Each structure stands twice: as structure tokens, then as C-alpha cells.
Amino acid sequence: MSKEYADKFATDIPKTYTPRDAEDRIYSAWLNSGFFAPENLPGERKEKFVTCIAPPNITGELHMGHALELTLQDIIVRMKRMQGHRTLWLPGTDHAGIAAQNVVEKQLAKEGTNRHELGREKFLERMWQWRDQYGGAILEQLKKLGLSVDWTRTKFTMDPGYQEAVKTAFLHYYQKGWIYKGTRVINWCIRCATAVSDLEVNYVTEKGKLYFIKYGQFTIATARPETKLGDTALAVHPEDQRYKEYVGKELEIESVNNSVSAEQPAEPKKVKILVVADETVDKEFGTGIIKVTPAHDLTDFEISQRHNLASIKIIDERGRMNENAGIRYQGMKTAEAREQIIKDLEAIDLVEKIEEYEHNVGRCDRCNSVIEPLPSEQWFLKMRELAKLALEAVESSRVKIHPPRWEGPYKHWLNNVRDWNISRQLWWGHKIPIEGENDVLDTWFSSALWPLATLGWPLLRQGSGGQASKNDFEEYYPTDFITSDRSILFLWQVRMIFSGMEFTGQSPFKDVYVHATVLTKDGKRMSKSLGTGVNPLELIEKYGTDALRFGLASQATGLQDLRFGEDLLVMGRKFANKFWNIARYVLIKLPEDYTWKIKKSPQDLQSEIVSKLDGLAVNITKNITQYEFAEAANSLYKFVWHEFADKYIEESKDKNDQETYDTLAYLTVTCLKLLHPFMPFVTEEIWSKIPIPGKNLLLVENWPS
RNA sequence: GGGCGCGUAGUUCAGCGGUUAGAAUGUCCGCCUUACACGCGGAAGGUCCCUGGUUCGAAUCCAGGCGCGCCCACCA
């Protein structure tokens, strides 16, 4: 190469790739091209490829889970786009019922008011104000990851069109008789003042006490003695010989008189109680006999249903003892009542012993308050037929779950699912479309419709929901795949599948990919509240988006959780820079009048390294298609660094023939394309510097296999 | 109580029946060699969790155990 030529490029292209200079500029170039929208893609594209983002909550903040999930999704989408598919990746956000309402309620509390003072209408105005101002923040953060999503189709789960979809779905179920109103023991969050689903209760092991209380001639072990006031039976196992003779009999036992005020000494009172036999009782636990409190325990509620027992509600929606608990306890919080009743029982010698005890306490997924099971009138959706549909979808391979080991839990869950409590006592959400109803629907009821509603289902009228049009649903449904963390497999994927099956007769996607969970270096959960989280935006600032993406992808085996350490990003950054310099070398090496070609390798390139790369391209394609991201990333890394750079470039240094030039050019262009899904920014930046006549953005160049 | 995943160099992970077990990162020693010091060359570093079994041969398959993590469940 000529000295002058070398000098020219040496000054044009810096020795080090600096992501910060390139990323925003390149992302703008992509946006300006319009290529994220399928209808703007160049060339003839017969096959479609469609996927939806897992909509983050409007209250959300970008975390490593997003970074991993969206990187992997973008890798697939970018490859498909380069392969010539009409790709659509649809973004949006979820209104996040409880979470979002909590945020605004906290604001109100600071202002010394609350939603009830404000009234429903004003409160909802505040909600919308908040969402207009802050609800898009998470999407702005997502852009930093370089995602090739179609922002012109951004959706929100409370868009007008979406509201229509929810209404249509509800009424459809209602008319089928699958939606009913009933009083059941449900999980009630005292702080959020709403029902929450079984899946939104976290059971945390906590230290407590196990109280052994005398019931006539028996002793019963309980962790919640205050619920004694709502007992309507005792239960034993049907095969327990010790108690067989008492089954079906009513016992007279001594209890505490709850109509005496708490200021006065405790006094005894005789009460009658029935003994029933039920399979669910564990003979081995405690004394083998349990007290049944149908109103405040889910198991006890079910026992009461089987045996036709009465239910006495003694705890109210604020977590305080109500009038049924008697004047002695009324108004006390459950914890206070527990202390009081133990004191009382001890006074009249009804406490046999108290043991230290570890047990599981249900806490609200959103606010961590203790969950109080209590009877409440709620709306339910019958799950029998829908569960069948979801099972059938998997069994008939209409939808495939990756990795396949998740099929087990999926089926198990559906085989044991109870009717879905779909009502929430919130204001922020989809109002139940029945005259006179104040409640809203569980957020997941609308999430369940995501792939349908975002594409414009149910085709009511055009333009009713932002840009979603009739054509989108017809053209792009069903989608090709969906991906998420395993934690929402039951909350979300299952429900999207049965919704799709019920409303369209098709699974809303062909593949569900359950990706790994990002853990800390020592295998702990990443959590903001524990301070174990890592902020992806800071990492991007420090290492660049490509480094983050490549680092994550290189560890995404799909089978194993990902222990995240910054050394991954060091590797990614170095690799991006390495490739930058490979390109720099090639640009300097090739003669000024060299003609770059983009289409395919010249016929005469038969060298070993060229065929190796062609073989690699086939494997990379296969890897990405099968969600083997780590394999793809690592084999690319190996080839680029140790074959291309270490061997071929070193050997090329004292060669100046046409074949060497062609080979260098071919290797560079092909590697750029293969690397693009993983490291879109640095590759696009290099691409822009390669003098290829008539080239388009690398984003839409043809995939090399 | 059921179920699942994982235990391999200091660290994060590949390898999943066959020559001296690999990569990245970290460490140490040389090199600013005209693409790259985010680099190049070299080195050290491993009872492949334990115990049995199958096999000519096991990190790899099987059984049991130990440890870590996760999911489901009506432990009162």
C-alpha cells in the first residue's frame, strides 16, 4: 500500500471505535430510513416475520432483564429482515393497573390528599397526565439498546382501540356464560385495597409462632389464633383412627367470651363445633386435627364448600377485626388481636404451649404488604374450556415452547388452574363493561390480548386505535414468536395462547422462547430494592451498546441463568474494537481504485478461509433460528479474531494480488453482515465507510446464507 | 410435599463416550512489530462436587449422596 494512502485512512478512521459518537447518529439514520416499518422495506418481500415486544409497565425502568430479552429479540428480527422477510416488531407499554395507580397515589399522599377525596374522574385525569408525562420514559430507554422496532405502531394497553378489544373479549366470554360473579375467598391486599391473583402473591418464609390451643379434649396447632373467632368446624383426616369416632359429631368446647370488652378480664364461654373428615388434613402435622376458618383461609374455604359449612367473616378489607369478632376484638389489627386472644386464652388456661415456627406468609407482589385471604364478591372467568384450548395448542404443536422443558410446568399449571379472578378494586384500568360496575379488570386480562389487540383485532372500525388498522391484523396475525422471562409464563403467555385460540382459532405465535434470567455474579437475583441491580444505561455509557449486546448474547445459552459480570462487556468492547480495526486494515490495504462488491463471493475465491466462513454463516443462521445465541456469538468471535485477523490478515500483509484483495473484501463484508444482529452500531458505522457503490444501510443488506 | 436447572481453570462459561479438557476475563513475563496497547507474543493456573455402577475407555451415560438456585403446592 502506498504511504500516502495509509496516512489518509489513518487520519480518517480513528484507531479506536467510540460508541458514543456513533450510536445516536446511526439510530437516527435507521429511523429516518423508515425500515423498521415493514411496508417501507426495500425489495420484494413475500414472507412476513412478526413479533411483539413484551410490553414493559409504564412505571418501569430499564433493567438487565430487558437488555437481555430485547437484545435476543432484536438479533432474530435483524437477521430475518436481512434474510428478506417483511419484518414487524411491534412495541408498546402496559398500563400496569396496581403499579401505576400506586405511583400516583403516592404523589397524592405527598400533596396531603387521596384518590377518594379527588373522586374517580379527577383521579383518572391525574393518571393520564402522569402517563403522558412519564409513561413513555421506558420506551426512550429501550431505544438505547438499538432495537429495530416499528415505533410508528407503538401501542398502549389502554388505547381506544385496545379498549374495544378488551370489551369485545369480555362480552364474548360473558355471552358464553364463562364469566360469573361470585363470593369466594380471594387474596386481598390490605394496602392496595384490591383483590390480587394467586400468581401475584409471593410466599415468604418468616419466623412466627405455632400456638397449641385446647379445643375441648383436643389440642389444635395454629399460626393464626385470632382466626379462631371465625372457626366453624374442626377437621381430621378420614383415615385417622384417633379421631374417627368424633367425625360428624358436634362437640361442646370452651372458648373465650368475645362479647366482653378488652378492658375486662377474659372469661370462658361454651361453644359448639362440628368435626368433619377431609382428605386435605395432614395426619402428621401438629396434632392431626385442624380448625376450619372458611372465611380467612383458601384451604379452609374449600373444605367448607365440600362439607357445607358456614363462613364467618371476622376480618375486614382494612385488615382489622370486624363486628363478628365481638366487641372484645373489634377494630384491632390482626396482629393486635392475635396478641390479645393469646393473652385471653392463657388467662383461662386454654393455651397448651407455644413453639417457635417458620412458615410461609403471603405478601403482595406489588407492595409487599401481607395478603389477607377473605371472602369477597368478584368476577371470575371460567378456565375449564380455555385451559383445554391452551393445552391443545401445545399438544398439537401449534405453539412450541423453548426450551421444551417448560412444557411440563405449562401443562401442570393448566391442569390445576382455578377460575380466574378478573376483577380488581382499582380505578386505573379497563372498566368492567357491565352497567353499574365500578371495578376494573385485572391488568393481565388486557395483556392476554396483546398480539391480537395491537394488530387491530377485533376489526371493529378502522382507525379506532391509533395507527392499528384492519389490514395489520389481516396481514400480520398470527405472529411468529414471543419471548419473555419465565416468571410470566403463566401470567402472560398461557393467557395469550388461549385468547388467541378462542378468538381466532390460532395460536397468536408459533414459538414461545423462555430466556434466561440475569443474575448477579454470585448467583443472586438482581433487584433494585436489594441494591443488587445493575443499570444497563450506565453500562452502555461506559462500554457501548454493542459491547453490552454482544456480552449478553455470548452468555445466552438458553439453558442456564446468566451470571452477569462486567468482564463480559470488556470482552464485547474489545471485540467491537477489534473488528473496527480489521476493517480499518482492509480499507488501508486495498488499492484506492478497488471495486467492492456486496452480492456474493467471486467464483474464483476457493480458499479455505472463504469456505470456512460460508460454512460458518450457515451455522450462525441455524443457531439464531434455534435460539442458540451464545453458540452463534462465540463462533463468530472465534472466526473473526483467530481466523480472519490472526491468520489471514497476518498472511496478507506481504501479499498484493487480486485474490488477496477480493478475499479481504469478501471476509469483511460477510463478517459485517453476520455480526450486524449482535453489534448493529459498530457494523453499520463501518459499513458506512466502505466505498461500495449503490449500497443501502447494512440494516437491510442481504444476509449471507 | 412434588418438579426443574446447575455444580469443569481465581471468575463467568463451552465441551456431554475416545488422542496431552477448551474460550473469555483475570494474573505473571516480554514487546508502542507500519489495523488494533480495547493490541501482539508467551507463561502459570483444573482430585472436571463426592461415592458407586455401565464400558476396552466417563467431565461426558446410570444410581445414590452433598451443595447452590428456581418453579409449583391447600404445611394449618
Side-chain angles (χ1 to χ4, degrees), chain A residues 1 3 6-7 9-10 13-19 185 198-199 203 205 208 210-211 220-225 227 234-235 278-282 284-293 296-303 357-360 373 403 405-410 412-413 415-418 486-487 489-490 516-517 519 521-525 543-544 547 550-551 554-557 559-589 630-631 633-635 637-638 641-642 645-646 649-650 652-653 664 668:
Chain A
M1 92 197 77
K3 184 79 172 59
D7 288 347
F9 268 98
I13 305 175
K15 283 182 171 189
T16 307
Y17 168 64
T18 35
V185 172
D198 295 350
L199 291 166
Y203 288 92
T205 306
L210 191 60
Y211 304 89
I220 282 136
T222 179
R224 299 198 61 188
T227 63
L234 299 180
D278 198 278
E279 297 273 344
T280 54
V281 180
D282 181 357
E284 309 304 321
F285 186 89
T287 55
I289 179 162
I290 63 164
K291 58 197 263 325
V292 183
T293 320
H296 299 287
D297 185 291
L298 279 97
T299 316
D300 291 5
F301 174 73
E302 283 174 4
I303 294 177
Y357 184 56
E358 274 197 356
H359 63 142
N360 292 331
R405 74 171 122 101
W406 287 104
E407 272 187 30
Y410 176 93
H412 181 261
W413 190 81
N415 282 320
N416 294 283
V417 68
R418 300 188 214 186
R486 58 170 159 265
S487 62
L489 187 63
F490 309 130
T517 303
L519 304 173
K521 191 96 178 172
D522 45 349
K524 294 273 176 340
R525 215 183 177 77
Y543 297 96
F550 195 82
S554 72
Q555 291 278 302
T557 61
L559 291 170
Q560 203 168 326
D561 284 342
L562 192 156
R563 294 192 177 197
F564 179 81
E566 282 200 33
D567 48 351
L568 281 176
L569 301 208
V570 172
M571 184 266 289
R573 180 176 60 186
K574 285 180 177 180
F575 186 50
N577 195 243
K578 183 71 181 183
F579 197 74
W580 177 262
N581 276 288
I582 286 172
R584 192 161 167 265
Y585 167 84
V586 174
L587 285 167
I588 298 167
K589 173 80 178 175
E631 180 61 27
N634 293 327
S635 56
Y637 181 100
K638 213 178 231 172
W641 205 304
H642 301 300
D646 286 356
I649 285 185
E650 287 311 314
S652 78
K653 281 185 175 167
L664 283 172
T668 305

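As the structure is a prediction and not an experimental result, all values here were calculated from the model. Residue numbers start from 1 in every chain, and the chains themselves are labelled A, B, ... in the order their sequence lines are given, proteins ahead of strands. Basis for what follows: all heavy atoms, side chains included, without hydrogens, waters or symmetry-related copies.
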Base, sugar-phosphate alone, or nothing: which one does [X] contact when heavy atoms must sit under 4.0 Å apart?
X      : value
A/E407 : nothing
A/A547 : nothing
A/I220 : nothing
A/I290 : base
A/F564 : nothing

Consider the side chain of [X], meaning its heavy atoms from C-beta on, and name the nucleotide among [options] that approaches it most closely.
X      : options             : answer
A/A645 : B/C70, B/A76, B/A35 : B/A35
A/I588 : B/A35, B/C71, B/C38 : B/A35
A/I649 : B/C38, B/A35, B/C72 : B/A35
A/F490 : B/A24, B/C36, B/C72 : B/C72
A/Y637 : B/A35, B/U12, B/U25 : B/U25
A/M571 : B/A24, B/C36, B/A76 : B/A24
A/N577 : B/A73, B/C38, B/C72 : B/C38
A/D282 : B/U25, B/A76, B/C72 : B/A76

Determine the Euclidean distance between corresponding [atom1] atoms of [M] and [N]; express it in Å to zero decimal places.
N     : M     : atom1 : value
B/U47 : B/A43 : C1'   : 24 Å
B/U8  : B/C13 : P     : 9 Å
B/C36 : B/G41 : C1'   : 15 Å
B/G10 : B/A44 : P     : 15 Å
B/C28 : B/C16 : P     : 34 Å
B/U25 : B/A21 : P     : 22 Å
B/G64 : B/A73 : P     : 27 Å
B/C49 : B/A9  : C1'   : 15 Å

Which heavy atom of [X] sits nearest a heavy atom of [Y], and at what distance?
X      : Y      : result
A/Y585 : A/S652 : OH-OG, 2.7 Å
A/Y211 : A/P225 : CD1-CD, 3.4 Å
A/L210 : A/Y357 : N-CB, 3.5 Å
A/K291 : A/I220 : N-CG2, 3.9 Å
A/K589 : A/L664 : CG-CD1, 3.7 Å
A/W580 : A/T16  : NE1-C, 3.8 Å

Report the C-alpha distance between A/D278 and A/I290 in whole Å, list the side-chain angles of each, state the deciding distance to 0.1 Å, and finish with yes or no for side chain to side chain contact (heavy atoms under 4.5 Å, CB included). CA-CA 10 Å; A/D278 198 278; A/I290 63 164; over 6 Å; no

Once you round it to whole Å, what is the distance between [atom2] of [N] and [atom1] of [X]?
X      : N     : atom1 : atom2 : answer
A/H642 : B/C36 : NE2   : P     : 19 Å
A/Y203 : B/C71 : OH    : P     : 14 Å
A/L569 : B/A24 : CG    : P     : 17 Å
A/Y585 : B/A35 : OH    : P     : 7 Å
A/L519 : B/U11 : CG    : C1'   : 15 Å
A/W641 : B/C38 : CH2   : P     : 11 Å
A/D278 : B/C74 : CG    : P     : 14 Å
A/I582 : B/C38 : CD1   : P     : 16 Å

Within the structure, does a side-chain N or O atom of [X] lie under 4.0 Å from either OP1 or OP2 of [N]?
X      : N     : result
A/Y357 : B/A76 : yes
A/K15  : B/G39 : no
A/H296 : B/C74 : no
A/K653 : B/A35 : yes
A/R573 : B/C38 : no

Under a 3.5 Å cut-off for both contacts, is [N] paired Watson-Crick or G-U wobble with anything, and if yes, with which nucleotide?
N     : result
B/C74 : none
B/A23 : B/U12
B/C32 : none
B/G18 : B/C56
B/U51 : B/A63
B/G69 : B/C4

Can you tell me how far apart OH (A/Y637) and CE (A/M571) are? Round to the nearest 0.5 Å. 6.5 Å

I'd like to know if A/Q555 reaches the base of B/A24 with its side chain such that a donor and an acceptor end up less than 3.5 angstrom apart. no

Distance criterion of 3.5 Å, no angle test: do you see the side chain of A/K578 paired donor-to-acceptor with the base of B/C36? yes

Assess whether side chain to side chain contact (heavy atoms under 4.5 Å, CB included) is satisfied between A/L587 and A/T668, documenting all intermediate values. CA-CA 10 Å; A/L587 285 167; A/T668 305; over 6 Å; no

Nearest nucleotide by nearest heavy atom, which residue falls closer to the 5' end of RNA chain B, A/T287 or A/T16? A/T16

With nearest nucleotides of RNA chain B determined for A/R486 and A/A223 from heavy-atom distances, which residue corresponds to the more 5′ nucleotide? A/R486

Give the intermediate values and the outcome of side chain to side chain contact (heavy atoms under 4.5 Å, CB included) for residues A/L298 and A/R418. CA-CA 12 Å; A/L298 279 97; A/R418 300 188 214 186; 3.7 Å; yes

For A/S554, the side chain to side chain donor-acceptor pair (under 3.5 Å) test, sequence neighbours excluded, returns none

Reading 5' to 3' through nucleotides 4-10 of chain B, protein heavy-atom contacts under 4.0 Å coded B for base, S for sugar-phosphate only, - for none: SSS----

Within residues 561-570 of chain A or reaching into it, pairs that qualify as salt bridge (Lys or Arg N to Asp or Glu O under 4.0 Å) - sequence neighbours excluded: A/R486-A/D561, A/K521-A/D567, A/K542-A/E566

